[in-house]
Protein chains: 4
Amino acid sequence: MCRFLAYRGDPVFMEELVCAPCHSLVHQSLHAEEAKTGTNGDGFGIGWYAARPEPGVYRELRPAWSDENLRSLCSQVRSGLFFAHVRAATGTATTRANCHPFVHGQWMFMHNGQIGGYQAVRRKLEALIPDELYENRGGTTDSEAIFLAALADGLAEDPVGAMARTVARVTAMMAEAKVREALRFTAALTDGENLYAFRWASDGKPATLYWRDHGDRLVIVSEPLDRAEPGWQEVPRSCVLMARKGASASLECMDQALSRAAA
Amino acid sequence: MCRFLAYRGDPVFMEELVCAPCHSLVHQSLHAEEAKTGTNGDGFGIGWYAARPEPGVYRELRPAWSDENLRSLCSQVRSGLFFAHVRAATGTATTRANCHPFVHGQWMFMHNGQIGGYQAVRRKLEALIPDELYENRGGTTDSEAIFLAALADGLAEDPVGAMARTVARVTAMMAEAKVREALRFTAALTDGENLYAFRWASDGKPATLYWRDHGDRLVIVSEPLDRAEPGWQEVPRSCVLMARKGASASLECMDQALSRAAA
Amino acid sequence: MCRFLAYRGDPVFMEELVCAPCHSLVHQSLHAEEAKTGTNGDGFGIGWYAARPEPGVYRELRPAWSDENLRSLCSQVRSGLFFAHVRAATGTATTRANCHPFVHGQWMFMHNGQIGGYQAVRRKLEALIPDELYENRGGTTDSEAIFLAALADGLAEDPVGAMARTVARVTAMMAEAKVREALRFTAALTDGENLYAFRWASDGKPATLYWRDHGDRLVIVSEPLDRAEPGWQEVPRSCVLMARKGASASLECMDQALSRAAA
Amino acid sequence: MCRFLAYRGDPVFMEELVCAPCHSLVHQSLHAEEAKTGTNGDGFGIGWYAARPEPGVYRELRPAWSDENLRSLCSQVRSGLFFAHVRAATGTATTRANCHPFVHGQWMFMHNGQIGGYQAVRRKLEALIPDELYENRGGTTDSEAIFLAALADGLAEDPVGAMARTVARVTAMMAEAKVREALRFTAALTDGENLYAFRWASDGKPATLYWRDHGDRLVIVSEPLDRAEPGWQEVPRSCVLMARKGASASLECMDQALSRAAA
């Protein structure tokens, strides 16, 4: 399990959300409260859109809480759309290449969850990735593989549908391989303009996800950054939070998308 | 605060104590129970005597819990005297040079605690280290400085007395600088044959320290490795546990040594 | 391209070969003379047999020349069979998981060379690895994939034949994918008792390989450790140097094995 | 010895100078041509002014040539004043804290050179740093100590004079300690608005330094980024290149400043 944060809105210094709040993401790296693992010290990453269509990325295998570079970067860079992620590994190595977010062109993805019995379906999952995308497989995580598979599944045209199709494929693979553990998929995705956050699990127990929309500032987080501040809402299970360019955030039921995908 | 382990006895694979027990030191790096900070993820180190008078050392700034090299090393190396340490930094950077144990010639030292108001006394503390030892100052921690100062204070001839003298000096410096925080000094020291473990604090609240002596196997730890196993005893506050070559372990009151040092 | 060293013989401190000679492997990491790339600073690794059937391994992504842990380890550990490798990456990331040697059970493998047009054949190469071995794929290099594929090709029963078969398969894949670059395969393999060193390339231009056999001390290296010392011989192109347990080293033509493999 | 680059002018993406040119600083990290050490792989750093009076800093102990984060950062961040530095260590550890540039408030400093016999004068040099600045001593290099000592010597009021005074002090210390090696001081300093580059050595053999001023773009480098491009001039020995805010670059003789300092 991991903890993450996504922001869309008026450009802000990233530190305002990543480092400063009393329960900031950096604080959650050491003291997560709503996760099975309170420590998320197996690397971290931050990705932001600013000067180019492609995001900048800084990923590192040290824990976020002691990384001076992260603090400096977050105090200098202002962005209107960024992701930050602290990792608690679930079986794969602590390398930069296994840290979120993952980037492909202008797309960026991060994940909190895991594919139960990953080793049993890893081959099949990787087989969903076409050769031209497989070159971008830099690490060994289930999360990166899901992202690349979804890209092949039509992410550019239909982000939510493609994710639902990939998740449905993986769920089917797991059933076929008689995996008993669940697929847990709390995740965020963006193309630099539109933002999508997913909260779904095959056993109905996805990792937590909250959001707060002040109109000009949408924040999506694994855990509220400051419970004293009002406005935090839970993203309901099996839902997708969508924040399309120029539109305010809205919720859609993911089960519908999954049903369509499975149909 | 940190967690540590020291072993003296029949040669054993280090993994038997460092990695394998249910509450092994590696486990304590993620889930310490008797410390203010449950996570000790700011680097780690292991030092062992085997083929030479000087110990081998492996120190790394990643967390211990995910380090493949540590696991491999501990499963391969057998030693009759070794130290292991997981670090929770108290203000200085996460670098290898700031990881314990510290080594000078055949001497090895590790520390769990801190000098309150370190920045206020750092210059004076470093001034205790003579030029020929100052070359060995590779990092910036209070712990390394105490070790080098104690070496200058006659560690080779009188280990407990030298440590007491240095601790007394630092306490006096702190008083002079009007530091209100305590000096906490739970530590272990060895020359490769004799082993000394200290538990002292200027405010009477030193970090925990336990030991278990099965005759051929003396284990000293911040927290018992397995509470189900009998034989763990607390090192009393203000005491030094001494295990001289060929002799069994015994306790001495550190206050006496400190009184002598202050006299 | 990389540089490596393999040793079999009377147990010696690894530093005698890895760190001490005037053109030691650590020196070659900074000043290789017979390679296109003089700097081999993209990580390193060392694997040694001592107390167990499985080797110990220390791999790290920093350059070898500045790694204090490597120096300490090599000065402490004595082994009668060990590998050391300094890496110059050819397109894949600098992570521990991409550093040589690679280990599976009691087998250990390291490689100096590369599969030309790797991205074009990566999928097919990985498809040679059966599911039960694929779990061990921790990195993304061509070298690790060759090793795992060879394990599936019968490495345990027929090491040279299995390597030849895998190399033949990869060469065929490359031809099929119309890759014009060569497959260069200078490599070493051992099961902890028998040692095999390969020097082959599809274009007849394999990386250099030398050996020196003083009866009780067989050293195999990318570049002689000290040209002033007599006894260095070049491993001829397309040859395998074999040092079976209890036997002295001998050369066999690899083309024969490859012909048999291709037949 | 190291290699570095400083830029002042119209805001540019840092990659234009750090990564892209045929002999960019990243290229120089692997293939320096005018230095005794061709490899500068002992860490690197980049510091830039953009959104705040204080610079952002990214320092890392890996080699620059393989760092994905550096490439991403340089492709995203635009700055009108920045420093970049690749390090070849001269005796101190490879840690982030020993990587240049060093920052204090709005000041930033980087150095290519070394204090001969550093260990013999290290204590005295550190004694020049007052307590309130000593807190900022995060590493163990001579370069950081010179910077902190110069800050104490009045850097804010008289940058060139303060540097000259500190250099004069260190030279005197070296003479007193009978050090025979030279003090080599090729360095760059800025407060975010004014830029100073020094080229001096006690033996008249400072490391190389070049500059090119296209009016709106002043580039100062250890080695020209592209010899095919016209306009590179050598900074003469014993000179300071000054680029004050709103003024074009000019040269001053450093010996005069040193004479004044020594007077």
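Chain naming here is simple, since letters A, B, ... match the order of the sequence lines and numbering starts at 1 in each.
Nearest heavy atom pair, residue D:Pro63 against residue C:Pro63, reads CG-CG, 3.8 Å.
Of the inter-residue distances, the one linking C:Leu61 atom CG with D:Arg62 atom CZ reads 4.5 Å to the nearest 0.5 angstrom. Between D:Asn40 atom CG and C:Thr39 atom OG1 the span is 10.0 Å, to the nearest 0.5 Å.
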